[in-house]
Amino acid sequence: MVYEGSIILLDTNVLTKLIESLDCKLSSCEYLITGKLFCNCSLDISIIMPKEALKELRRCKEEVEFCLLTYEKLVSIGGKRIKHRVSLVSYKELSKRLRVKLKIVYSLKDYEETLKDVRDVVDKSLINVSLIKANNCRRVKSGVVVLLTMDRKLREKLHDLASKVQLINHILTPDISLNTLDKCLDAECFIRCVLQSV
């Protein structure tokens, strides 16, 4: 798979689509992570989502938050030991880290100017974590960051910022349609289906 070793970011619309298929039981949520996201523990990927996205969930909010926070499995993939878990990140902590990471190559004024019309805190979190993780990918010369979203404006903003800090080769922002998400909900592995469809 072309995305092995990469970091997958889920925005609210993708997460919401996944949650709609749950019956709000803890076992159902754990299956969502094990089966739909990590493909029955067969993928060498990391999955990250903003904590703020959980606040926007209408269904299964408490169950989803609990299982995301507690889920962790150590698996062996291709001779490597991989820890499968979903990392939750917040805008506030990411902003502090990003200012340190980018201040050498990108002025804070330009960064704030680019983001001034991004009002949604989830989108800001996704942009920040994408830049931080893409910088790590560049440093270790391995993997890419893949942002899964249907939001065209978010993709354009991230592309603009990533280009300015020479991280564009380490970030993918595929154009995902609602048809793609709907089709992949019934697939054995949601993540693999989405990534192979774009």
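Under the side-chain hydrogen bond (donor to acceptor under 3.5 Å, both in side chains) criterion, Asp175 pairs with Arg155, not counting sequence neighbours. Applying the side chain to side chain contact (heavy atoms under 4.5 Å, CB included) rule to Glu65 yields the partners Leu54, Leu69; only residues at least two apart in sequence or on another chain are considered.
Between Lys17 and Glu20 there is a side-chain heavy-atom pair separated by less than 4.5 Å. The shortest side-chain heavy-atom distance between Leu22 and Val64 falls under the 4.5 Å cut-off. For the pair His84/Ile33, no side-chain contact is recorded, criterion being any heavy-atom separation below 4.5 Å from C-beta on. Within the 4.5 Å cutoff, the side chain of Lys80 has no heavy atoms near those of the Ile77 side chain. Proximity of Phe38 to Val75: side-chain heavy atoms (C-beta onward) are nowhere separated by under 4.5 Å. The closest side-chain heavy-atom distance from Val144 to Cys137 is not below 4.5 Å. Taking 4.5 Å as the limit, every side-chain heavy atom of Lys183 sits out of range of all side-chain heavy atoms of Val194. Residues Leu131 and Leu158 meet the side-chain proximity criterion, which asks for heavy atoms closer than 4.5 Å.
At a threshold of 4.0 Å, the pair Asp160-Lys164 counts as salt-bridged, since one of the basic side-chain nitrogens sits closer than that to a carboxylate oxygen.
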Please set out all donor-acceptor pairs under 3.5 angstrom arising from side-chain atoms of residues 45-52, sequence neighbours excluded.
from: Glu52; atom 1: OE1; to: Ser125; atom 2: OG; distance (Å): 3.1
from: Glu52; atom 1: OE2; to: Tyr91; atom 2: N; distance (Å): 2.8

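A side-chain donor-acceptor contact under 3.5 Å links Lys36 to the backbone of Ala187. Arg81 places no side-chain N or O within 3.5 Å of a backbone atom of Leu74 that could act as its donor or acceptor partner. Under the 3.5 Å distance criterion, the side-chain polar atoms of Asp151 are matched with a main-chain donor or acceptor of Lys153. Not a single donor-acceptor pair under 3.5 Å links the side chain of Thr180 to the backbone N or O of Ile176. A donor-acceptor contact shorter than 3.5 Å is absent between the side chain of Thr34 and the backbone of Tyr31. Of the possible polar contacts, one joining the Ser197 side chain to the Cys193 backbone as a donor-acceptor pair under 3.5 Å is found. Counting only distance, with no hydrogens or angles, the side chain of Asp123 and the backbone of Leu126 share no donor-acceptor pair below 3.5 Å.
Screening Asp11, Leu10, Leu181, Leu57 for a side-chain contact (heavy atoms from CB on, under 4.5 Å) with Thr16, the sole residue that qualifies is Leu57.
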Val145 and Val129: side chain to side chain contact (heavy atoms under 4.5 Å, CB included), yes or no, with the steps? CA-CA 9 Å; Val145 174; Val129 74; over 6 Å; no
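Atom CG of Leu32 and atom OG of Ser27 lie 11.5 Å apart (nearest 0.5 Å).
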